[in-house]
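Only heavy atoms go into these numbers, but all of them, side chains included; no hydrogens, no water, no symmetry mates.
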Amino acid sequence: MGNESVDAFLEHISLILNTLPCGFICFLPASRDYKVIFTNENIHDEIGVQIFDLDGSEDYTFFDFIYPTDYEIAKSCLEKLESESIVTDTYRVNCKGGSFKWMLVHHQILKFNN
């Protein structure tokens, strides 16, 4: 999927994603760098910091959210997505001021047709 398609999709559904009662992080798994392309307002509220700069001037990956000693748990979740449609686990995410929060996370790959 080209960047124009991703941007158009996110612009189209951003209002919906920002009204969800849960956090939402959208990242690109195909390149294996897991670059974050969108986070909803609940993620910002929950972790106390706006990690993703919406003007795109900074690149953040999915692993920038993850507490360092939980990288392997998160990596395992992403690897399981190759054979499972939804993966659920619990790990810590980084918060403002160096603290962390435990999160129950559901990973799912969304595929788009141009």
Side-chain angles (χ1 to χ4, degrees):
M1 173 189 285
N3 284 340
E4 296 86 22
S5 297
V6 172
D7 292 342
F9 167 75
L10 291 173
E11 182 178 336
H12 182 71
I13 67 165
S14 64
L15 291 175
I16 296 169
L17 296 175
N18 281 322
T19 60
L20 290 173
C22 59
F24 184 91
I25 300 172
C26 185
F27 57 91
L28 299 174
S31 63
R32 296 288 184 201
D33 65 358
Y34 303 101
K35 179 183 175 185
V36 173
I37 58 172
F38 179 82
T39 59
N40 73 352
E41 292 172 5
N42 288 337
I43 290 294
H44 305 299
D45 294 344
E46 193 62 36
I47 63 176
V49 65
Q50 186 168 340
I51 289 183
F52 182 62
D53 181 353
L54 293 177
D55 71 6
S57 63
E58 295 187 48
D59 288 338
Y60 292 98
T61 71
F62 169 72
F63 290 100
D64 291 323
F65 286 85
I66 308 304
Y67 193 73
T69 57
D70 290 349
Y71 283 174
E72 290 304 315
I73 297 168
K75 183 178 175 188
S76 173
C77 287
L78 298 178
E79 290 170 352
K80 288 178 186 175
L81 283 173
E82 294 177 16
S83 61
E84 300 175 30
S85 59
I86 298 174
V87 177
T88 301
D89 210 329
T90 305
Y91 48 78
R92 293 168 286 186
V93 295
N94 296 314
C95 296
K96 185 175 184 176
S99 64
F100 64 88
K101 288 188 178 185
W102 284 96
M103 297 274 186
L104 173 65
V105 273
H106 303 281
H107 296 279
Q108 182 175 7
I109 293 179
L110 302 176
K111 296 182 180 183
F112 306 94
N113 295 325
N114 290 340

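Ser85 and Gln108 get closest at one heavy-atom pair: O-CG, 3.6 Å. Closest approach of Glu46 to Lys101, counting heavy atoms only: O-NZ, 2.9 Å.
Linking ILVMFWY side-chain heavy atoms closer than 4.5 Å, directly or via other members, places Ile73 and Val87 in a single hydrophobic cluster. Under the 4.5 Å side-chain heavy-atom criterion for grouping Ile, Leu, Val, Met, Phe, Trp and Tyr, Phe65 is not connected to Trp102 through any hydrophobic cluster. Tyr91 and Phe100 fall into different hydrophobic clusters, where Ile, Leu, Val, Met, Phe, Trp and Tyr are joined by side-chain heavy atoms under 4.5 Å apart, directly or via other members. Cluster membership check: Val105 shares its hydrophobic cluster with Leu81, using side-chain heavy-atom separations under 4.5 Å among Ile, Leu, Val, Met, Phe, Trp and Tyr.
Between the side chain of Asn40 and the backbone N or O of Ile43, at least one donor-acceptor pair lies under 3.5 Å. Side-chain N or O atoms of Asn94 include one that pairs as donor or acceptor with a backbone N or O of Asp64 at under 3.5 Å.
Legend: residues meeting ring pair (Phe, Tyr, Trp, His ring centres under 6.0 Å) with Phe62, ordered by chain and number and at least two apart, are Phe27, His107.
Thr69 OG1 to Arg92 CZ: the interatomic distance, rounded to the nearest 0.5 Å, is 3.5 Å. Rounded to the nearest 0.5 Å, atoms OG (Ser99) and CD1 (Ile47) are 9.5 Å apart.
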